[in-house]
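To start, the structure under review is shown below, and the notes come after it.
Throughout, residue positions are numbered sequentially from 1 according to the sequence presented. Note: hydrogens, waters and symmetry copies are ignored here, and every other heavy atom, side chains too, is used.
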Amino acid sequence: MKKTVLFFIAFLGCTAVIKAQSYSVALIPQDLKSYAKAVVRKDERTVIISSPSNMVYQIKKATTLLNQTSEDMAETVVLYNKSRKIKSLALNIYDANGYLIGKVKESDFEDRNYIDGYSLFQDDRIKSYRPVIRSYPVTVEEIIEIRYNQTLAIPDWDPQYHDNIAIEKASFEILKSPDYQIKFKSVALPDPEINTQGKAESIKWTLANVKANKYEPYSVNEDKRLPNLKISPVKFSYDGIDGEYTDWKGYGKWVYDKLLTGRQDLLPSTAATIKDLVKNCKNQKEAAQLIYEYAQKKNRYVSVQIGIGGFQPMKASEVDRLSYGDCKALVNYTSALLGIAGIESIYTEVKAGTERVNYLKDFASISQGNHIILCLPFEKDSVWLECTSKDMPFGFLGSFTQGRRALLIKKDGGELVKTPSYNWRKNLQQRNAQFELNALGSLNGKIRTLFSGIQYENRESLAELSPTKKEEQIKLSYRDIPDFEILSYNLSQEKLSPKWTEDLELSTAHFGTQNGKYLIFDINPVNVSKMDLKEVINRKNQLYINTGYTDIDTIKIKVPGNYKLETLPMCVNKSFDFGSYELKNTFNNGELLTVRKMIIKEGVYPPEHYEAFVNLYETAKKFDKSRCVLVKND
């Protein structure tokens, strides 16, 4: 009997070791480690839909962080609100050999607002935990269960959410009744396995042994290349509101009828103010600009994540009373003001961000947008408004929402439309500098710069800074002029278009370098390329340029009268399909004239163009630092 007990204990010990070593790094196939900073050992997700108002989401995921470059992936973050409640939450931490070295309970997680610093009140909160990692590799196992009282927003799945992540095993399963309809759209995923038994249906996607990709800068968006799954219901319930849609038209109709209708009420006094404001306007566009600027001055942006899960805007009367709101509320309020003047406007959903992401033409789901803007469909051309900004010019969207497919929410349903694009011709930075250099190397002069299109954003944040911070930023912008003193500075904005005009007068005693009878100085101190691109051997991804631009710099430097030209930097002209770099230098009558022009054109180009793209920036970086040599007259 004693021997049997000892054998049983030994057997348990062996099984414990086997279980502990299941996350051993040594068990990861070698080809999955190539290019990877992390390997997903398992990712098992299950969505259980019991009814349109009852859904459970279960996650069991273990990720091995191979080295310190994966430090940003160590944190576990779980969002919750009144329609999304955490039922269980725990972490297990394993060392490189797969042994359990730490357990984290839900009570150990930090609990905070979803958007700190920008929200006065909201339902959305997050629980987060970042383990202290003293050595790598380490494996973090997440065990999470969330219960929803809605099915409008069924979780999407992004198993390989970065290029440098490999996947050992992953699965996503939906359990539901056969008569409950869903729609789904996948990228780089195999077809799901569908099984039906009586009153239960399983739809399951699986992945195994997916290698990490070598990171390639300037690649097409990851959602077009890496495995991902979008899911949407046909019939759903959210916060007691039922709905149904199969396409964008039906989705837009539901949003208009259930979320927007009846929320543009305003006090008679506000209506009177608006009518008085626009009474002398010549046309609707002029009136719309006055109303937009009125709303900008009156209100400020504050995140307000309440009311049907944060999808429904505050009433216009509430924004009017409180003078704040989120993007939904400020758009709805501005639309209500425009309505008083008889100006049509359309509430518009969009996926905002510096990278352009389009709404999918053939698949409708609520998860594709994250921001609201306003469209004014005038007869000859539409005007678009960003209502969260207090100083954005009328009709300018900026890089945050420009040039992408968005969704108009109209009375008769949703309609996909493209927001205005600012191409490389419009995104202009044009600089004129006139300097005078003396024999001691001191420099005095003036610089005037025009920023327009998306390059308007180059100076957008500067306008709001304190004098001290503003001076720091100016000196950072012109850091290739050593130790300069700002003699005067002015930044003026054109309200009718996205344009800044910057005037800077400066002086420095340390620009030119004396070397015996020679005086040496930089020909281009105002726009030196700092782009440092790495070469990619055997590139696979297309070259994707999200935003193009044009920089034109004209620099005149008057040299001391007792010096003549010894060496003039060479001229350069390189041109490709995606852009060009040109540098011209001429010297006449004691004045050096340098004209620099760089153009980068937005678009998608073949992978083999990337090498030339790197070469173009290397050329710019090299020749932007060209120096002129003067020699003293005998």
Side-chain angles (χ1 to χ4, degrees), residues 120 252-253 255-302 304 307 312-350 371-398 401 406-413 415 417 419-420 493-499:
L120 291 186
K253 177 67 173 170
V255 173
Y256 187 93
D257 291 344
K258 301 298 184 180
L259 304 186
L260 302 184
T261 300
R263 305 194 74 79
Q264 292 199 343
D265 57 314
L266 288 168
L267 293 173
S269 58
T270 300
T273 298
I274 295 302
K275 288 176 181 177
D276 186 62
L277 179 68
V278 302
K279 64 184 179 183
N280 296 321
C281 290
K282 298 174 184 177
N283 52 55
Q284 284 198 328
K285 187 174 287 188
E286 183 181 332
Q289 182 179 344
L290 288 178
I291 292 170
Y292 175 64
E293 291 172 357
Y294 168 86
Q296 282 182 303
K297 291 175 184 176
K298 183 180 184 303
N299 301 319
R300 61 192 174 95
Y301 173 80
V302 172
V304 183
Q312 187 175 55
M314 296 164 55
K315 287 187 175 182
S317 57
E318 284 293 287
V319 177
D320 201 25
R321 180 175 65 86
L322 298 169
S323 294
Y324 64 70
D326 60 8
C327 61
K328 304 180 298 293
L330 296 177
V331 164
N332 183 62
Y333 175 70
T334 306
S335 177
L337 297 181
L338 291 165
I340 292 170
I343 301 171
E344 182 186 2
S345 59
I346 306 173
Y347 188 94
T348 305
E349 291 186 8
V350 66
H371 190 53
I372 306 296
I373 53 180
L374 192 60
C375 176
L376 280 57
F378 290 122
E379 186 176 349
K380 293 184 178 180
D381 62 333
S382 295
V383 170
W384 294 82
L385 302 179
E386 172 55 68
C387 297
T388 60
S389 171
K390 291 188 72 66
D391 49 23
M392 190 81 84
F394 177 75
F396 179 58
L397 289 181
T401 54
L407 183 71
L408 300 175
I409 305 297
K410 304 168 74 172
K411 186 175 183 179
D412 59 350
E415 179 185 337
V417 65
T419 62
Q493 179 187 22
E494 291 186 29
K495 273 291 183 182
L496 296 178
S497 59
K499 290 181 181 179

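- A donor-acceptor distance shorter than 3.5 angstrom exists from the side chain of Asn332 to the backbone of Arg263, with no hydrogens or angles considered.
- A distance of 10.0 Å separates CG in Asp320 from CD in Glu318, rounded to the nearest 0.5 Å.
- Here the CG-OG distance, from Leu374 to Ser335, works out to 5.5 Å after rounding to the nearest 0.5 Å.
- Judged by distance alone, the side chain of Ser323 and the main-chain N or O of Asn299 form no donor-acceptor pair under 3.5 Å.
- Here the side chains of Glu349 and Val255 are in contact, with some heavy-atom distance below 4.5 Å.
- Between the side chain of Gln312 and the main chain of Leu259, a donor-acceptor pair closer than 3.5 Å is present.
- Atom-to-atom distance recorded for Ile373:CD1 and Leu330:CG is 14.0 Å, nearest 0.5 angstrom.
- Listed for the Ser382 side chain is no donor-acceptor partner under 3.5 Å among the backbone atoms of Phe378.
- From Asp265, atom CG reaches atom OG1 of Thr270 across 10.0 Å, with rounding to the nearest 0.5 Å.
- Two residues are said to be in side-chain contact when any heavy atoms from C-beta on lie closer than 4.5 Å; Cys375 and Tyr347 fail this criterion.
- A distance-only check finds a donor-acceptor pair linking the side chain of Lys390 to the backbone of Gln296 [under 3.5 Å].
- Rounding to the nearest 0.5 angstrom, the gap separating the OH atom in Tyr333 from the CE atom in Met314 is 11.0 Å.
- Gln284 approaches Ile343 most closely through the heavy-atom pair O-CD1, 3.5 Å.
- Here Asp391 does not pair with Lys297 in a salt bridge; the nearest charged N to carboxylate O distance is not below 4.0 Å.
- Of the residues Ile340, Val278, Leu385, the one that meets the side chain to side chain contact (heavy atoms under 4.5 Å, CB included) test with Ile291 is Val278.
- Thr419 places a side-chain N or O within donor-acceptor distance of the main-chain N or O of Thr401, the cut-off being under 3.5 Å.
- Contact check for Tyr324 versus Val319: no side-chain heavy atoms found under the 4.5 Å cut-off.
- Nearest heavy atom pair, residue Gly395 against residue Val383, reads CA-CG1, 3.7 Å.
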Check: Do Lys411 and Leu260 pass the side chain to side chain contact (heavy atoms under 4.5 Å, CB included) test, and can you show the C-alpha distance, the side-chain angles, and the key distance before you say yes or no?
Finding: CA-CA 10 Å; Lys411 186 175 183 179; Leu260 302 184; over 6 Å; no

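- For Glu386 against Phe396, the heavy-atom pair with the smallest separation is CB-O, 4.2 Å.
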Note to self: I'd like to know whether Glu415 forms a side chain to side chain contact (heavy atoms under 4.5 Å, CB included) with Leu407, so could you lay out the CA-CA distance, the side-chain angles of the two residues, the decisive distance to 0.1 Å, and finally the verdict.
What the structure shows: CA-CA 6 Å; Glu415 179 185 337; Leu407 183 71; 5.5 Å; no

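- Nearest heavy-atom pair across Ala336 and Ala316 is CB-CB, 3.9 Å.
- Once rounded to the nearest 0.5 Å, the distance linking OH of Tyr292 with OG of Ser389 reads 5.5 Å.
- The closest donor-acceptor contact from the side chain of Lys315 to the backbone of Gln264 lies at 3.5 Å or more, if one exists at all.
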Note to self: Under the criterion side chain to side chain contact (heavy atoms under 4.5 Å, CB included), I'd like the reasoning laid out for Ser345 against Thr334: C-alpha separation, chi angles, the key distance, then a yes or no.
What the structure shows: CA-CA 9 Å; Ser345 59; Thr334 306; over 6 Å; no

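- Scanning both residues, Tyr301 and Cys327, for their nearest heavy atoms gives CE1-N, 3.5 Å.
- Between Pro393 and Gln493 the shortest side-chain heavy-atom distance falls below 4.5 Å.
- Of all heavy-atom pairs spanning Leu397 and Met392, the tightest one is O-CE, 3.7 Å.
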Item checked: Intermediate values then yes/no, side chain to side chain contact (heavy atoms under 4.5 Å, CB included), Ile409 and Thr348 -> CA-CA 6 Å; Ile409 305 297; Thr348 305; over 6 Å; no

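- Contact annotation: the side chain of Ile346 approaches that of Pro377 to within less than 4.5 Å [non-hydrogen atoms, C-beta and beyond].
- Summarising the local packing, NZ of Lys298 is surrounded by more than 12 heavy atoms from other residues, nucleotides or ligands at distances under 6.0 Å.
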